[in-house]
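Here is the structure we will look at, set down as structure tokens.
Below, chain A is the first sequence line, B the second, and so on; all start at residue 1.
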Amino acid sequence: VKIVIIGAGQVGSTVVEALHDEHELTIVDLDGARLNALSYRHDVTTIQGNGATRSVLQEAGIKDADLLIACSSRDEPNLIAAMLAKKLNPRIRTVVRATEVEYLEAWHERHLDVDLVVSSEIETAYAVSRILGVPAARQTDVFAEGQVQIVEFDVEQAALSHEVIGRTLREARIPPDSKVASIIRGDSALVPRGDQSIEVGDRIIVIGSPRAAQEWSSIIAGDRPRLDDVVIYGAGRIGIAVARHLIRQQIRVRLIEADRERAQLVAEAVPEARVFNATGIDPDFLERERIGQARAAIFAMRDDAKNHYAGTLAKLHGVGFTIAVVHEPISAEVFERAGIDVAINPRQLTAEELVRFAHDPRTQQVAMLEGDRYEVLDVTVRGESELANRRFRDLPMTGALIGAIVREGKAIFPHGDDVLLPGDRVIVFTDARRAREVEQAL
Amino acid sequence: LISAARLRRAVRRETIGVDVGAALNLIGALVKYLSLTFLFPAGVSLYYDESPWPFLAAGAITAASGLAIERATRGKEQVGTREGFLVVALTWAFAAFFGCLPYLFSGEPQLGDPANAFFESMSGFTTTGSSILTDIEALPRGLLMWRQFTQWLGGMGIIVLALAVLPRLRVGGRQLFESEVPGPEVERLAASIRETARRLWGVYVALTALLAALLAGYAVTGVDERMSFYDAVAHAFTTMPTGGFSPQAESLGAFGAATQWTVIVFMLVAGTNFALLYAAFVRGRPRALVRDEEFRLYLGLAALAAIVVFAELATEGILEGEAGLRHAVFNTVSIVTTTGYASADFNEWPVLAAVGLVGLMFIGGSAGSTSGSIKVVRHLMIGKSLRRELDLAVHPEVVSPLRFSGRPVDEKTLRAVIAFVLLYVGLFAAGALVLTIDAAVANRVVTPFEAISAAATTLGNVGPAFGFAGPFGSFEPFSNFSKAVMIVLMWLGRLEIVPVLVLFTRRYWRA
């Protein structure tokens, strides 16, 4: 496969390292020295120039490329490169690294013509909650003013104890007001039927009410003891992303930020977190705030050395579990040697996610969940629709699932005996190829 | 040599940082338009076969004065933000001054003393509702209607009205607008101040018309046989601005239960933030009401106060049943919203209820409403800030922005709120003290409680005080000096102190 990579920094070079054996790579970067170093190490083509320009993209052979990975450290050039690439070569697939959550949201809402957006902040947040044993939903899409959620989970070992897992869906006690829309197992995605079951290692997609989504979360989390009170050092982008992620799972979060203005800003933006304006290395402060009693602490300050010191100090004060976010590749080892429990590298995580998209067909399907394999339709039933006024159990729909209907502003999660009425707004989860058909039928 | 002379002249020149001419020019224009409002009571007088001349003469003098001021300051049509305070403060003083002319020209003995006439006019425009009249019903219909009408003009604000209709104020109106509309932060209803002012007045006019129609309906259908068309309009004019004047000596006590309950509802509406009313009823989002913290607290406080008063009236056996509940609710709502109507003489109520009602004078309605006093939102912010202080005492590093209906509150706004409340309480204390001392000096029988309640009621733009100045009483017995003090308190209270008080600082006038 022919791949164009934009950006030869830490993320770019990790991606190159992982992909150069099997694929034909062209790397674009403004920095000649970086490119030189890469081309000595691996057999790759390098082009010095601005990857967000047409001329450079053409020079890089974008016309015959199959995949563009735009992973420079700046969002906007990455996005422009991806947009230009789509124009120059409509069948190319594009993956973009972006840090700004706004771009991620725009992509979720299909306002950005990109196949996958990977955000180091979100990847880090997800990694942290996985490490803390509070597996969160991988994705949450919200419909009908928040009354309907579509949530994606990885089913892990811990969930095994719950009776929903391993039983056929007909027998399993699925949380009320929810439906399993899809089970992704290995290479295939199944539209579940009553005789199928959810197994460990599956990735599942659930449609349901917010409360049902919560119940699913606790099923997936299994019978692990509930974690509470996490302290996050550093309220930068990563710190905030992690805090938001944990808060969403009802975990109490304390944030420590040394910069006064930043602390104020964050306190306004994240009202659920308790924000402290402190360096985090003042023993009096740690003592007064009983930081030592926190279940876990996450060190997400910009400087590895500071994180190291603060982490060690927190351990001395009795914090049970420490996770450090590192920026230099070597720091991970230093940290773990020094007694920090886990070190995670956002750039590493990002590179891994980018590589996964290029490599693994299974993740490709999942990634395309937002792309072209599945679609979530939000349509209103016409009066003359053949499907109107019929009971759900009689509806002849294959490869499509009505997850919820919104009637008079209220979401209803239908059962077999409920009747579909004209004027109902329905949230349908469907195979992308059948989307038009479904839309016409309604 | 020439440059040395220029320098000397430049050094000697007096420097004033405020363009008084420009401010006067705008005030002149506003006064000129104010003269048109005299046509309404003149018409009413003609209808009732009374002499329209007091109004026509007052109108002519007002128009001539406005034109003269405008002419004298011609060429200075540009008003900056600095002049805003001066324009707002003086416009209100001028409005009260010209508004008192019909009282003087009417030849009515109760209003013959200029101090009395000016008091009545200021009490009208500031929507206070305190009156020096001892025999209200002796006045001609036209003059009584003028009294009602001044409150209606003052309620939503003469400057907001000017912003809505005068093309000249298209630019730079923001400062004027913010100085006049009550509340710590002004919510805009539209992209431009002009459009916001129009919508506010639109809501105001619509609600006034609705209440007038309802009350007139009671008169026609006989639901309340004591109601008349005249009274319907007159009371609509003073309910929506939370004014409190009534052409009836017994205020709302002159009417039946249906009228009183209706007026309770409209007083509560008038004490609600108009931006919120607009969102809820014009834009069709009634949930905005539920979500607004100030609105919830406002209703909660009013309900709580009414229940306490009702409980006391019931246990003391003064009023019971529906009548007891109605009078308890009516009079507490009237005080909380700073309207100042009365349905019963709460002067006679037991001490707890009386002291409680004076306390309620410090609450006020919502920001952005027509009510006066401190306002619920400020109490809410102060409460939250005190709670935060307690938190900070234990956790000095915590950063916790105050939130109001979910939105963070700017620290500057909070500081202004605290400053306002301190100024308010300080002015109240000073006012009460001066009234007490003056009563002693002038050798009049004024008890400290009467002086305190009079200061609270005028600064809060409420209306009735206790004792001889109670709901069915009169402010006439106060000395002229005391009346002057209360006139200033009303003026300060309506403009929320700051625009008036800055005029007395040297920093305002300096370049």
Let me confirm one number: the CG-CD distance from A:D282 to B:E397, rounded to the nearest 0.5 Å.
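Spacing of CG (A:D282) from CD (B:E397) equals 7.0 Å.
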Please name the pair of heavy atoms, one in A:F276 and one in B:V398, separated by the smallest distance, quoted to 0.1 Å.
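Residues A:F276 and B:V398, closest heavy atoms: CE2-CG2, 3.1 Å.
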Is B:F362 atom CZ crowded by more than 12 heavy atoms from other residues, nucleotides or ligands, each under 6.0 Å away?
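Correct, the count exceeds 12.
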Would you indicate whether A:K306, at its atom NZ, is surrounded by more than 12 heavy atoms from other residues, nucleotides or ligands within a distance under 6.0 Å?
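No - once you tally the heavy atoms of other residues, nucleotides and ligands closer than 6.0 Å, there are 12 at most.
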I would like to know whether A:R274 and B:D391 meet side-chain contact (heavy atoms from CB on, under 4.5 Å); could you show each step before the answer?
CA-CA 11 Å; A:R274 207 156 153 74; B:D391 185 11; 2.7 Å; yes
B:R403 (side chain) donor-acceptor with A:E268 (main chain) under 3.5 angstrom:
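Side chain of B:R403 to backbone of A:E268, a donor-acceptor pair under 3.5 Å: yes, one is there.
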Sort out for me which of A:A263, A:P271, A:A269 touches chain B most, counting heavy-atom pairs under 4.5 Å.
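When all of A:A263, A:P271, A:A269 are compared, A:P271 has the most.
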Check whether any side-chain heavy atom of A:R288 lies under 4.5 Å from a side-chain heavy atom of B:P396, and answer yes or no.
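The answer is yes, as the side chains (C-beta and beyond) meet within the 4.5 Å cut-off.
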Please report the C-alpha distance between B:H395 and A:E289 in whole Å, then the side-chain angles of each, then the deciding distance to 0.1 Å, and finally whether the side-chain contact (heavy atoms from CB on, under 4.5 Å) criterion is met.
CA-CA 7 Å; B:H395 307 281; A:E289 295 303 332; 2.6 Å; yes
